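Below: one structure, written as structure tokens.
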Amino acid sequence: MTRDKAKKKNGRKHIVGVLDIGTSKVACLIAAVEPGAGGPLGGGIRILGLGHQRAEGVKGGVIIDLDRAEQAARAAVAQAERMAGVELAEVHVSVSCGRLTSHNFSAKTDVTSGLVSEDDLDRLLAAGQSYVEQGGRSLVHLNEVALRLDGAPGSRDPRGMAAREIALDLHAVSADEAPLHNLLMVVNRCYLEPASCVPAPLASALAATSEDERRLGVTAIDIGAGTTSLAMFAEDRFLYACSAPFGGAQITFDIARALHTPLAEAERIKALYGTVVCAPSDEHDVFSYPGAGEEQDATHQLTKAELAEVVRPRVRTIVDHIRQRLEACELTAYAGRCLVLTGGTSALTGLADYVAVELGRPVRVAGPQAVSGLPPALSGSAFSTVVGLLLADRPEHAGRRVLGGSNAGAGSYLKRVGSWLREGF
């Protein structure tokens, strides 16, 4: 089906494609979004097609092999397109690579006409982009935190209001230019344009947290296969994000090394028997597993309690990193005490209890909210990021003024990247 036919078939509905290229999997969703739909995640969104492939050529969220990553991404996109009966021209892409860093700063300008216009806002956003894009860093996301007119708090939409000066408190997320370039090159090789780049911590947080939590203050922690990321919210504003290149894959490697078993078997053992907090029965709960390079019928045995001794040190390292990030961030106090765990590794037995004890905070584990057309198999916490991408383009979430939006200043970076990539092919 051609793009024109797809648009005609779906009438007023807006077709959205999203792509998450992770360390362990590549996921693509195609959804129909009702114009102006608000409310819960599933209220105006219906999944038309989905594609899910094992990731290749990605390590710690970073593209390390363009060809292998392209093949996995193409397969996921093609699978989703066949199911939806449409052909995508662009996708919203999650970004977890490039040492994601948050910047909180203010920008202000004089209102020469006496009435705030769209041009005044664009100048501020363009100034914010220039401020962030220095030293080999690229802007991934830019959102408004607060607005002031002549020093007094202003409305969320100041256009047409009288003022001599307008100031914006802005939050930006930047990434190293080269890893972001490689990610977008994979998207371009799939004959797709990036409609927007969305920080993966933001996407997963939007899917796993509620509107009330984001308003009252919450920190979402996504522990995936290759990355661990944080996103903080207060008063429904996105305030902070960071990402580190380690996650559940390191736990799998530790199991494989300690038990001398193949990685695929180590992943199975982690999913079925892995635990952080032991119960008395775990001392006697025995499972069997094959050794690497041994005969097919040769097996070894281990208790769940012994396995926990292998798992716990790596979990402790991940939780210590989270603690350090929370303590170092000056905005932690504004985000409240509530922690929400998501991502594939969050399903590890006992992890939420362990994090709650170690950090002294209430913790809950959450997957993405229900979306019409999404099968139960893809509704787990491992798919929070790709589902959250469907929400990330809505301006009512997290006070967003972002790349790919209507303002020319924010959109210029993606236009520049498109030209940059086309020149390379």
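Worth saying up front: this structure is predicted, and the values here are computed from it rather than measured.
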Is the shortest heavy-atom distance from the side chain of [X] to the side chain of [Y] under 4.5 Å?
{"X": "Leu348", "Y": "Ile251", "value": "yes"}
{"X": "Cys28", "Y": "Leu19", "value": "yes"}
{"X": "Leu390", "Y": "Ile47", "value": "yes"}
{"X": "His300", "Y": "His260", "value": "no"}
{"X": "Arg337", "Y": "Pro362", "value": "yes"}
{"X": "His171", "Y": "Leu239", "value": "no"}
{"X": "Tyr240", "Y": "Glu330", "value": "no"}
{"X": "Leu374", "Y": "Phe383", "value": "no"}

Check: Would Glu327 and Thr332 satisfy side chain to side chain contact (heavy atoms under 4.5 Å, CB included), going step by step from the backbone distance to the final call?
Finding: CA-CA 7 Å; Glu327 291 176 350; Thr332 300; over 6 Å; no
Knowing that exactly one of [options] qualifies, which makes a side chain to side chain contact (heavy atoms under 4.5 Å, CB included) with [X]?
{"X": "Arg323", "options": "Leu359, Ile318, Val355", "result": "Leu359"}
{"X": "Leu230", "options": "Cys242, Ser102, Pro201", "result": "Cys242"}
{"X": "Val18", "options": "Leu88, Val93, Leu29", "result": "Leu29"}
{"X": "Val26", "options": "Ile21, Asp20, Val186, Val58", "result": "Ile21"}

For [X] and [Y], indicate whether the former's side chain and the latter's backbone hold a donor-acceptor pair under 3.5 Å.
{"X": "Thr227", "Y": "Ile223", "answer": "no"}
{"X": "Asp254", "Y": "Arg314", "answer": "no"}
{"X": "Ser384", "Y": "Gly343", "answer": "no"}
{"X": "Gln369", "Y": "Thr209", "answer": "yes"}
{"X": "Ser94", "Y": "Val198", "answer": "no"}
{"X": "Glu133", "Y": "Leu139", "answer": "yes"}
{"X": "Arg148", "Y": "Asp169", "answer": "no"}

Measure the spacing between [atom1] of [X] and [atom2] of [Y] and express it to the nearest 0.5 Å.
{"X": "Leu168", "Y": "Arg123", "atom1": "CG", "atom2": "CZ", "answer": "11.5 Å"}
{"X": "Leu206", "Y": "Glu211", "atom1": "CG", "atom2": "CD", "answer": "11.0 Å"}
{"X": "His181", "Y": "Asp176", "atom1": "NE2", "atom2": "CG", "answer": "14.0 Å"}
{"X": "Ile221", "Y": "Met232", "atom1": "CD1", "atom2": "CE", "answer": "8.5 Å"}
{"X": "Arg215", "Y": "Glu235", "atom1": "CZ", "atom2": "CD", "answer": "10.0 Å"}
{"X": "Asn188", "Y": "Leu183", "atom1": "CG", "atom2": "CG", "answer": "11.5 Å"}

Nearest heavy-atom neighbours spanning [X] and [Y]:
{"X": "Cys190", "Y": "Arg74", "result": "SG-CG, 3.5 Å"}
{"X": "His92", "Y": "Ser196", "result": "ND1-OG, 2.7 Å"}
{"X": "Leu170", "Y": "Ala107", "result": "CD1-CB, 4.3 Å"}
{"X": "Gly380", "Y": "Pro368", "result": "O-CD, 3.1 Å"}
{"X": "Leu100", "Y": "Arg137", "result": "C-NH2, 4.1 Å"}
{"X": "Leu184", "Y": "Pro194", "result": "CD2-CB, 4.0 Å"}

[X], [atom1]: over 12 other non-hydrogen atoms inside 6.0 angstrom:
{"X": "Glu283", "atom1": "CD", "value": "no"}
{"X": "Gln134", "atom1": "CD", "value": "yes"}
{"X": "Tyr334", "atom1": "OH", "value": "no"}

Notebook entry, point to check: How far apart are the C-alpha atoms of Thr342 and Thr385, what are their side-chain angles, what is the distance that settles it, and do they pass the side chain to side chain contact (heavy atoms under 4.5 Å, CB included) test?
Noted result: CA-CA 9 Å; Thr342 191; Thr385 299; over 6 Å; no
Next item on the list: Just do the side chain to side chain contact (heavy atoms under 4.5 Å, CB included) check on Asp67 and Arg189 with the steps written out, would you?
Entry: CA-CA 9 Å; Asp67 291 337; Arg189 282 184 170 198; 2.8 Å; yes
Checklist line | Option from Ser346, Ser381, Ser204, Ser243 for which side chain to side chain donor-acceptor pair (under 3.5 Å) with Asp222 holds | finding: Ser204
Next item on the list: Could you label the plane-to-plane angle of the His321 and Phe246 rings as parallel, tilted or perpendicular, counting under 30° as parallel and over 60° as perpendicular?
Entry: perpendicular
Checklist line | Tyr131 ring center within less than 6.0 Å of His103 ring center | finding: no
Item checked: SB check Lys59 Asp65 (cutoff 4.0 Å) -> no
Notebook entry, point to check: Do Ser288 and Thr299 get their side chains close enough for a donor-acceptor pair, meaning under 3.5 Å?
Noted result: no
Next item on the list: Check the side chains of Gln53 and Gln79 for a donor-acceptor pair under 3.5 angstrom, ignoring hydrogens and angles.
Entry: yes
Next item on the list: Could you give me the CA-CA distance, side-chain angles and deciding distance for Thr303 and Asp285, then say whether side-chain hydrogen bond (donor to acceptor under 3.5 Å, both in side chains) is met?
Entry: CA-CA 5 Å; Thr303 66; Asp285 195 346; over 6 Å; no
Throw together a table of side-chain donor-acceptor distances under 3.5 angstrom for residues 263-282, partners on residues two or more places apart or in other chains.
{"unit_1": "Glu265", "atom_1": "OE1", "unit_2": "Arg268", "atom_2": "NE", "d": "3.3"}
{"unit_1": "Glu265", "atom_1": "OE2", "unit_2": "Arg268", "atom_2": "NE", "d": "3.0"}
{"unit_1": "Glu265", "atom_1": "OE2", "unit_2": "Arg268", "atom_2": "NH2", "d": "2.5"}
{"unit_1": "Glu267", "atom_1": "OE1", "unit_2": "Thr252", "atom_2": "OG1", "d": "2.6"}
{"unit_1": "Glu267", "atom_1": "OE1", "unit_2": "Lys270", "atom_2": "NZ", "d": "3.4"}
{"unit_1": "Lys270", "atom_1": "NZ", "unit_2": "Gly248", "atom_2": "O", "d": "3.1"}
{"unit_1": "Lys270", "atom_1": "NZ", "unit_2": "Thr252", "atom_2": "OG1", "d": "3.0"}
{"unit_1": "Thr275", "atom_1": "OG1", "unit_2": "Val277", "atom_2": "O", "d": "3.0"}
{"unit_1": "Thr275", "atom_1": "OG1", "unit_2": "Thr349", "atom_2": "O", "d": "3.4"}
{"unit_1": "Asp282", "atom_1": "OD2", "unit_2": "Ala279", "atom_2": "N", "d": "2.8"}

Note to self: Go through it in stages, so that I can follow the logic: the residues are Arg257 and Val310, the test is side chain to side chain contact (heavy atoms under 4.5 Å, CB included), and I'd like the CA-CA distance, side-chain angles, deciding distance and then a yes or no.
What the structure shows: CA-CA 10 Å; Arg257 186 164 44 244; Val310 177; over 6 Å; no
